[in-house]
Amino acid sequence: PLLEGAGLADLGVPYKALGGMAAPTNPLVGPLLTDLYQLTMAYAYWKHGRHELPSVFELYFRRNPFGGEFTLFAGLEEVLRFVESFRFSDDDVAYVREVLPDCEAGFFEWLAALRPHDLRIYAIPEGTIVFPVEPLIRVEGPLALAQMLETTMLNLVNYASLVCTNAARYRLAAGPDKRLFEFGARRAQGPDGAVSAARYAFVGGFDGTSNVLAGKLFRPCLPVAGTHSHAFVQSYRNLNDLADHRDGATSRTPLDDDDDDDDEASPTSSTYTRDGVDLRAAAVRWRARLFTYSSDGGGDDSLDGLPEVVPTSGTAFNNNTNRRAAAGTPPPEAAATTGSPSDGDPPRFHDGELAAFVAYAAAFPSSFVALVDTYSTLETGLQNFVAVALALHDAGYQAVGVRIDSGDLAYLSRRARDLFDATARRFDDHAASLAGGSVPPPSTSSGAASPSSVAGGSGEDDDDHLEAAGDGPPPEEARPGGGSHPARGENGDAADVSADNDNDNGRGARRRRRPVDDDVDP
């Protein structure tokens, strides 16, 4: 379209130029998505014969959001869809008659026949950087008709531009080379907020979304991505949970015997076998090979020189290294945790977590990403991921990376990179499996993206407000007792020990309790 005036594109000469555009994405968008006073003013215009007077309306804003210096304009396509499809259905007219019973019958006949043919619309191209008081959209046309578009157009532009601008701020913090994904459906303002946030985060510079519906609605433009949750990790208690439970399948677990040669010959019918490699047995062997403490300072291939990443003695995973990292305090040396080098105790990695990683890697060997902070990123999560990544390499696959949801993301991502690099240096033929590992950009925790981060997501964490599009937090999410994590019965409990105290979900199914102080006061 031609640019006219102050950079406004002419999108309405003639009206038929809009022909062929689909209806609004959200079926709720229509003439009744408005304020009542738009209809009362339209009736007053009509009653006094002023409804056809030529008029000009401009849409603009007064302040940049987030205390920033710019705004990204978004929502124009939905505005045009709304305008093209603008018409009052018979049911709409009947309802307006109920709300305004004193209006003359001729007004309702006029509403039923109303079409946007005489409108002329000018607009800044969607995705353009704009500033306060600039006209973003200009509507020229009959007074009453143009008046009735106001509320809906503001609704379609305001949230879209807020999310788009916020996404651009994330992109500027992360840099141009890192991949960003929107994960915020659960925290968005309702279904339309979730879909709109996914769409406009992409317009603002994100690379994709976890929202499946948004991916369907805007395919093939909007990529969909996802990993797994803490609940998936907690659903595995130990390596025995890796038994093959499919009908008719027979398979042992890596703990059935200690004969490595027999483990190599595990039944090929196992769901955990990829290209002849039993990922269960291979992951267990790799973890023991790399991380098991021995009195001479480690096994033949154990990784030394990384005390902040690799514990060299018995370390309880529930010491919660992530919480220390969240406070900006590096984990203590191994001797300060449970056990010491002189004790000769092996590291205590979480076998249930390893089992979960193996199961997910077996299901998605070409796109394996592990959430490593369910128990402790540094004391068990990263080590279990490396073991599974190397097992995948044995089968001819390359792991994509890790995801970290809690703690000091900058610090943890650097420690993750240290471990990946150390492992790659030790095993040159496995370097490709770990050298490109992904960890999230810590833009929300440190204000700047870590050079070790190559991908990240926003919206799922308590401190991420991409979808809320404001400096304050979104409404608190509902967390039914135990509903976000699998509850355990007699067979054992599962606890989510994260870097955020508010995320600790306790063990097993929960009952409602009121905490009290020493004086038994609420």
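Residue numbers start at 1 and run along the sequence shown.
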My understanding is that only one of Asp192, Leu33, Val195, Leu217 makes a side-chain contact (heavy atoms from CB on, under 4.5 Å) with Asn26; could you say which? Asp192
Please round to the nearest 0.5 Å and tell me the distance separating atom CZ of Arg115 and atom OG of Ser85. 11.0 Å
Are the side chain of Arg403 and the backbone N or O of Ala370 linked by a donor-acceptor pair below 3.5 Å? no
Arg63 charged N/C atom sitting above Phe61 aromatic ring, 6.0 Å / 45°: no
Should we say atom CZ of Arg50 is surrounded by more than 12 heavy atoms from elsewhere, each under 6.0 Å from it? no
Report the C-alpha distance between Thr165 and Phe70 in whole Å, list the side-chain angles of each, state the deciding distance to 0.1 Å, and finish with yes or no for side-chain contact (heavy atoms from CB on, under 4.5 Å). CA-CA 8 Å; Thr165 303; Phe70 69 91; 4.2 Å; yes
So which heavy atom on Thr380 is nearest to which on His350, and how close? OG1-N, 2.8 Å
Is a donor on one side and an acceptor on the other found under 3.5 Å between the side chain of Tyr360 and the backbone of Thr227? yes
Assess the side chains of His230 and Asp405: does a donor N or O sit below 3.5 Å from an acceptor N or O? no
Do Leu156 and Phe82 have side chains that get closer than 4.5 Å, going by heavy atoms? yes
Is a side-chain donor-acceptor pair under 3.5 Å present for Asn155 with Thr152? no
Stepwise side-chain hydrogen bond (donor to acceptor under 3.5 Å, both in side chains) check, Glu134 with Tyr60: CA-CA 6 Å; Glu134 291 182 342; Tyr60 64 95; over 6 Å; no
Could you pull out the closest heavy-atom pair between Tyr397 and Pro365, with the gap in Å? CB-O, 3.5 Å
Looking only at heavy atoms, which two atoms of Val163 and Ala197 are closest? And how far apart? CG1-O, 3.7 Å
Would you call the rings of Phe86 and Phe88 parallel, tilted or perpendicular, taking 30° and 60° as the class edges? perpendicular
Start with the C-alpha distance between Phe73 and Val157, add both sets of side-chain angles, then the distance that settles side-chain contact (heavy atoms from CB on, under 4.5 Å), and finish with yes or no. CA-CA 8 Å; Phe73 171 51; Val157 167; 3.8 Å; yes
Answer yes or no: is there a donor N or O on one side and an acceptor on the other, between the side chain of Asp408 and the main chain of Tyr411, under 3.5 Å? yes
Check the angle between the aromatic planes of Phe357 and His228 and answer parallel, tilted or perpendicular using the 30° and 60° thresholds. tilted
Nearest 0.5 Å, what's the CG-OG distance between Leu412 and Ser406? 7.5 Å
Does NZ or CZ of Arg97 fall inside the cone over Phe108's six-membered ring, less than 6.0 Å from its centre and within 45° of the axis? yes
In terms of heavy-atom contacts, Ala359 and Tyr236 come closest through CB-OH, 3.2 Å
Flag, side chain of Ser196 to backbone of Gly193, donor-acceptor distance under 3.5 Å: no
Note: Glu77-Arg199 ion pair, threshold 4.0 Å (strictly below): yes
Whether Arg219 side chain and Lys216 backbone form a donor-acceptor pair below 3.5 Å: yes
Can you sort out the partners of Lys47 under salt bridge (Lys or Arg N to Asp or Glu O under 4.0 Å), two or more places apart, ordered by chain and number? Glu104
Using side-chain heavy atoms (C-beta onward) and a distance below 4.5 Å, is Arg138 in contact with Phe57? no
Do Phe202 and Pro223 come close enough that some side-chain heavy atom pair is under 4.5 Å? yes
Contact check, side chains of Met148 and Leu114, non-hydrogen atoms, under 4.5 Å: yes
Under 4.0 Å between a side-chain nitrogen and a carboxylate oxygen: does that hold for Glu69 and Arg169? no
Minimum heavy-atom separation for Pro135 and Ile124, please, with both atom names. O-CG1, 3.7 Å
Val139 side chain reached by Leu119 side chain, heavy atoms, under 4.5 Å: yes
With side chains defined as the heavy atoms from C-beta onward, is the minimum distance between Pro132 and Asn64 less than 4.5 Å? yes
Verdict with supporting geometry, Glu78 and Thr25, side-chain hydrogen bond (donor to acceptor under 3.5 Å, both in side chains): CA-CA 7 Å; Glu78 290 301 317; Thr25 301; 2.6 Å; yes
Interatomic spacing from OG1 in Thr34 to CG in Leu149 - rounded to 0.5 Å: 8.5 Å
Of the non-hydrogen atoms in Pro116 and Glu84, which two are nearest, and what is the gap between them? CG-O, 4.2 Å
So Leu76 and Ile137, do their side chains get closer than 4.5 Å, heavy atoms only? yes
Under a 3.5 Å distance rule, please check whether Ser413 uses its side chain to pair with a backbone N or O of Ala410 as donor and acceptor. yes
Return yes if some donor-acceptor pair links the side-chain N/O of Ser161 with the main-chain N/O of Asn158 below 3.5 Å, else return no. no
For Asp207 and Arg171: C-alpha separation, side-chain torsions, deciding distance, then whether salt bridge (Lys or Arg N to Asp or Glu O under 4.0 Å) applies. CA-CA 10 Å; Asp207 295 287; Arg171 170 54 69 193; 2.9 Å; yes
One should read off an interatomic distance between Glu182 CD and Asn166 CG, to the nearest 0.5 angstrom, of 11.5 Å
Could you give me the CA-CA distance, side-chain angles and deciding distance for Val130 and Leu72, then say whether side-chain contact (heavy atoms from CB on, under 4.5 Å) is met? CA-CA 6 Å; Val130 294; Leu72 244 59; over 6 Å; no
First locate atom OG of Ser55, then atom OH of Tyr45, and finally report the distance between them rounded to the nearest 0.5 Å. 8.0 Å
Rounded distance [0.5 Å steps], NE2 in His51 versus CH2 in Trp46: 8.0 Å
Closer than 3.5 angstrom, by distance alone: can the side chain of Gln38 be matched with the main-chain N or O of Thr40 as a donor-acceptor pair? no
Sorted by chain and residue number, the ring pair (Phe, Tyr, Trp, His ring centres under 6.0 Å) partners of Phe368 (sequence neighbours excluded) come out as Phe385
side-chain contact (heavy atoms from CB on, under 4.5 Å) for Val224 and Asn211? Distances and angles first, verdict last. CA-CA 7 Å; Val224 178; Asn211 190 315; over 6 Å; no
Using atom types as modelled and distance alone, determine if a side-chain donor or acceptor of Glu126 lies under 3.5 Å from a backbone N or O of Gly75. yes
Any heavy-atom pair between the side chains of Lys178 and Tyr170 that's under 4.5 Å? no
